[in-house]
Amino acid sequence: MTILDGKKTSQDIKLEIAKAVKELKAQNNKTPHLAAVLVGTDGASMTYVGAKVKACELVGFNSTLIDLPEETSEEELLKQIELLNTNDDIDGFIVQLPLPKHIDEQKVLMAVNPDKDVDGFHPENVGRMALDLPTFLPATPFGIMELLERYNVETSGKNVVVIGRSHIVGRPMSILMSQKRKAGDATVTVAHSRTKNLSELTQSADIIVAALGIPEFLTGDMVKDGVTIIDVGITRVDDATKKRGFRLAGDVHFESVSKKSAFITPVPGGVGPMTIAMLLKNTLLACSRK
Ligand code: GUN
């Protein structure tokens with residue numbers, strides 16, 4: 001069993017980015033600048049955005065955190081996005097999801113200038129991804145593709161089951177892995193909450209991407225020997241034995257599934273750090289494209 005080490009791989013990628021930043025500075029006197037908009041005080045979102053900003057510093061980017069109160073109106077948020085769209089100093093920005101319920105997420109994502117949409121969530125960029133045109137790939141799927149590629153996991157002709165059809169992970173993962181590309185050329189099945197014969201599907205899968213958000217959902221009896229497992233889940237589960245009162249659990253029951261796996265991502269230290277590294281990669285791309 002080989003651990004797909006997202007922590008180590010993301011560090012390698014961050015070193016590559018830091019080198020590219022130095023070159024960009026020397027050649028064009030440019031420094032990539034990422035802005036992140038956070039609305040409200042959701043604990044997990046604050047942690048993720050904090051990690052993204054910290055990662056910027058590490059690779060030599062400029063970063064701006066725009067921290068808005070929970071009661072920010074949709075109109076105010078749209079105004080803030082327009083400021084970022086027209087600010088030449090900002091190469092790319094993200095609006096951390098989920099947003100408070102009174103804000104229309106779709107409307108907000110559509111307001112982002114596609115050239116600065118380093119999350120790859122704007123419909124124009126989603127369309128470009130689906131057509132295999134140059135674009136910003138959404139960071140989590142991009143990170144998974146990179147991990148599969150760097151560990152030389154064979155995907156061509158393999159049966160892949162993606163569990164979850166979210167716009168952020170499941171759907172783009174299914175599109176990317178079915179395309180003619182590195183870590184692609186697979187036969188992909190998308191399973192979701194209405195899927196009837198899930199165990200049958202997962203038992204014949206060569207690769208499983210678990211992105212449904214239910215802690216330890218995928219268990220050893222549901223997979224075959226030699227399977228490759230990508231665990232996208234990261235849920236805070238109450239745990240009184242931990243100082244902070246919770247532990248982080250993936251969508252995969254690691255103990256039983258890892259025994260049968262050829263490759264598996266851990267939680268934490270698998271997909272999560274890769275997501276941040278690929279956001280930086282997209283920001284570097286946005287800056288060098290300008
Ligand atoms: N919430 C969960 N994942 C993501 C992500 O990749 N980008 C943003 N903006 N919000 C998220």
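Computed from heavy atoms alone, side chains included, the values below leave out hydrogens, waters and symmetry copies. Note that this is a predicted model, so its numbers are computed, not measured. For ligands, and for the atoms within them, numbers begin at 1 and follow the listed sequence.
In Met278, neither the side chain nor the backbone holds a heavy atom less than 4.0 Å from any atom of ligand 1. Contacts of Tyr48 with ligand 1, taken as heavy-atom pairs under 4.0 Å, are absent altogether.
Atom 9 (N) of ligand 1 has as its closest protein heavy atom Asp119 OD2, 2.6 Å. With respect to atom 11 (C) of ligand 1, the closest heavy atom belonging to the protein is Gln96 NE2, 3.4 Å. Looking only at protein heavy atoms, the nearest one to atom 1 (N) of ligand 1 is Leu97 O, 3.0 Å.
Against a heavy-atom cut-off of under 4.0 Å, Val95 is close to the following atoms of ligand 1: 8 (C), 9 (N).
Under a cutoff of 6.0 Å and an axis angle of 45°, Arg128 and Phe136 do not form a cation-pi pair.
The heavy-atom pair separating Val161 from Leu201 by the smallest distance is CG2-O, 3.7 Å. Heavy atoms only, all atoms of each residue included: Glu70 and Gly40 are closest at OE1-CA, 3.3 Å.
Under a 4.0 angstrom heavy-atom cut-off, Lys52 registers as being in contact with ligand 1.
With no hydrogens or angles considered, no side-chain donor-acceptor pair links Thr31 and Asn62 at under 3.5 Å.
Salt bridge Asp185/Arg181: absent, no basic N to carboxylate O contact under 4.0 Å. Taking the charged nitrogens against the carboxylate oxygens, Lys116 and Glu82 have no contact shorter than 4.0 Å, which rules out a salt bridge.
The distance criterion of under 3.5 Å between nitrogen or oxygen atoms is not met by Thr275 with respect to ligand 1.
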